There are 2 protein chains.
Amino acid sequence: MRQNPARRTALLDAAIEVLARDGSRGLTLRAVDKEAGVPTGTTTNYFTNRGDLLRQVMTRTGERLAPDPEALAETMKAKPSRELTAILLRQLLERMRADKPSHLAMLELRLEATRRPELQEDLTRIFATMLDANIKWHLDSGLPGDRDTVLLLYVAMLGVIVDDLTVPGLLEPYDTGKLIDALVTRSLPGGGR
Amino acid sequence: MRQNPARRTALLDAAIEVLARDGSRGLTLRAVDKEAGVPTGTTTNYFTNRGDLLRQVMTRTGERLAPDPEALAETMKAKPSRELTAILLRQLLERMRADKPSHLAMLELRLEATRRPELQEDLTRIFATMLDANIKWHLDSGLPGDRDTVLLLYVAMLGVIVDDLTVPGLLEPYDTGKLIDALVTRSLPGGGR
DNA sequence: AACGTAGTACTGCACTCGCAGTGGTGTCAA
DNA sequence: TTGACACCACTGCGAGTGCAGTACTACGTT
């Protein structure tokens with residue numbers, strides 16, 4: 001088992017690319033070799049088998065999904081408000097559109113997790129940590145809304161992302177921007193309007 | 001190309017099962033044969049190739065996802081209200097949990113559509129029709145809320161379903177029932193409370 | 001009733017492809 | 001020189017796929 005960490009992440013990124021482009025069906029050790037532009041057999045040397053590769057791809061994808069701390073800090077200079085919440089969500093969507101492979105790969109992994117208990121455990125842990133952190137962060141940063149607000153925003157944005165990734169034409173006539181506005185406006189408790 | 005419609009749908013249902021259990025990776029013509037308990041090669045006779053099978057699986061899945069008209073009529077005897085909306089959404093979730101294969105297959109198809117333009121077209125059309133019908137139906141039946149309400153309910157429920165299918169442990173501590181209540185309460189315009 | 005024909009279903013086979021895994025050789029640095 | 005890594009060649013194997021041939025059934029004709 002090889003250790004070179006730079007090459008390892010390069011392979012993982014290549015795997016994400018393959019996963020997004022060709023799906024779980026196309027994700028083979030050879031395909032990763034080819035995508036990464038390394039000689040055949042290299043991926044075999046870095047991962048004991050396909051399952052191992054998947055697990056490591058998952059954590060790598062988790063890393064890539066996290067927002068850029070600097071950009072986030074920049075945005076958070078504004079005073080916490082309803083508008084800021086909407087801006088954050090828009091940025092989330094933009095981030096997704098800018099890095100579709102990661103999100104597609106994550107979707108593939110979700111499905112793969114359906115059939116691999118160990119993967120599902122890892123995945124649940126990762127998402128749970130993300131969600132908890134999100135809730136805490138949202139409340140701490142003084143953004144409007146309670147815990148349920150964050151949960152609703154989470155599921156709704158997940159839905160938007162899934163749709164936008166897989167059937168982009170569906171929500172298009174409804175303008176996702178406005179949809180997000182409506183979402184923010186309404187998911188705050190009390191002052192619905 | 002064989003025509004026997006009963007056998008054809010039997011094969012399609014078997015394909016849905018395979019798709020849900022083994023994923024797109026496991027969906028082969030032979031696998032469908034095995035799942036349906038028919039002799040090897042039968043599926044080849046009914047579908048010219050894998051792509052053809054996928055398309056037909058999609059429309060079949062669409063059929064299976066539709067709610068039972070009778071049960072729906074029964075539910076709709078109650079007077080349209082916020083509570084009724086919540087009940088309908090809960091039923092949607094129950095229906096999903098009762099027929100996971102269909103929903104999982106649909107998710108697989110969504111991802112597959114990412115790589116097959118013709119499938120994406122079909123899929124978009126199917127979903128668009130569903131969504132339009134849903135909006136119209138919601139408004140016509142006197143349920144509270146406007147068009148945006150239905151859209152929000154749609155994306156949020158999609159998110160809930162995806163999560164529940166793939167990482168069921170994530171939303172569990174938050175009680176999906178209550179989550180749906182909060183969703184309904186808040187996605188109505190004006191009277192957020 | 002016997003026969004022929006067409007449509008349908010089943011079965012086995014052969015071909016190809018590509019994957020996984022192993023072992024061996026080359027190369028560089030300590 | 002030794003150890004770790006990179007690269008490459010080879011083998012065995014399993015899977016996917018399409019084709020060709022066979023069996024069954026229904027129906028119509030004479």
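All values reported here derive from a predicted model rather than from experimental measurement. Letters A, B, ... mirror the listed sequences (proteins, then strands); counts begin at 1.
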D:dA6 phosphate, OP1 or OP2, under 4.0 Å from A:Asn4 side-chain N/O: yes
D:dA15 OP1/OP2 closer than 4.0 Å to side-chain N/O of B:Thr28: no
Donor-acceptor under 3.5 Å (B:Thr149 side chain, B:Ser187 main chain): yes
d(CG, B:Leu54; P, D:dT17) in whole Å: 10 Å
Atom pair distance, as rounded to whole Å: CZ in B:Arg25 and C1' in C:dG18: 11 Å
Atom-to-atom span, CG of A:Leu11 to P of D:dA6 - whole angstrom: 9 Å
Below 4.0 Å: OP1/OP2 of C:dA9 and any side-chain N or O of B:Tyr46: yes
Sugar-phosphate only, base, or nothing, as touched by B:Thr40 at under 4.0 Å among non-hydrogen atoms: base
Donor + acceptor pair across side chains of A:Ser102, A:Asp99 (<3.5 Å): yes
Side-chain N or O of B:Asn45 closer than 4.0 Å to phosphate OP1/OP2 of C:dC10: no
Spacing of A:Lys34 atom NZ relative to C:dC19 atom C1', expressed in whole Å: 11 Å
Candidate nucleotides C:dC10, D:dA6, D:dC8, ranked by approach to the side chain of B:Thr42 - the nearest: C:dC10
Between P of C:dT11 and CG of B:Asp33, the distance in whole Å: 10 Å
hbond_proxy A:Arg2 side chain to D:dA6 base (donor-acceptor, 3.5 Å cutoff): yes
Rounded interatomic separation in angstrom, taking CG from A:Leu27 and P from C:dA20: 9 Å
Exam field: side chain A:Thr176 to backbone A:Glu172, donor-acceptor pair closer than 3.5 Å: no
Under 4.0 angstrom between B:Arg7 side-chain N/O and C:dC10 OP1 or OP2: yes
Separation of D:dG14 P from A:Arg50 CZ (nearest whole Å): 18 Å
B:Gln3 CD to C:dA6 P, straight-line distance once rounded to whole Å: 19 Å
B:Arg30 side-chain proximity, nearest of D:dT17, C:dC19, D:dC5: D:dT17
Closest heavy-atom pair and its distance - B:Glu118, B:Arg55: CG-NH1, 4.0 Å
Sugar-phosphate only, base, or nothing, as touched by A:Thr43 at under 4.0 Å among non-hydrogen atoms: nothing
Exam field: side chain B:Asp52 to backbone B:Phe47, donor-acceptor pair closer than 3.5 Å: no
Under-4.0 Å side-chain N/O to phosphate OP1/OP2 contact, A:Thr44 with C:dG21: no
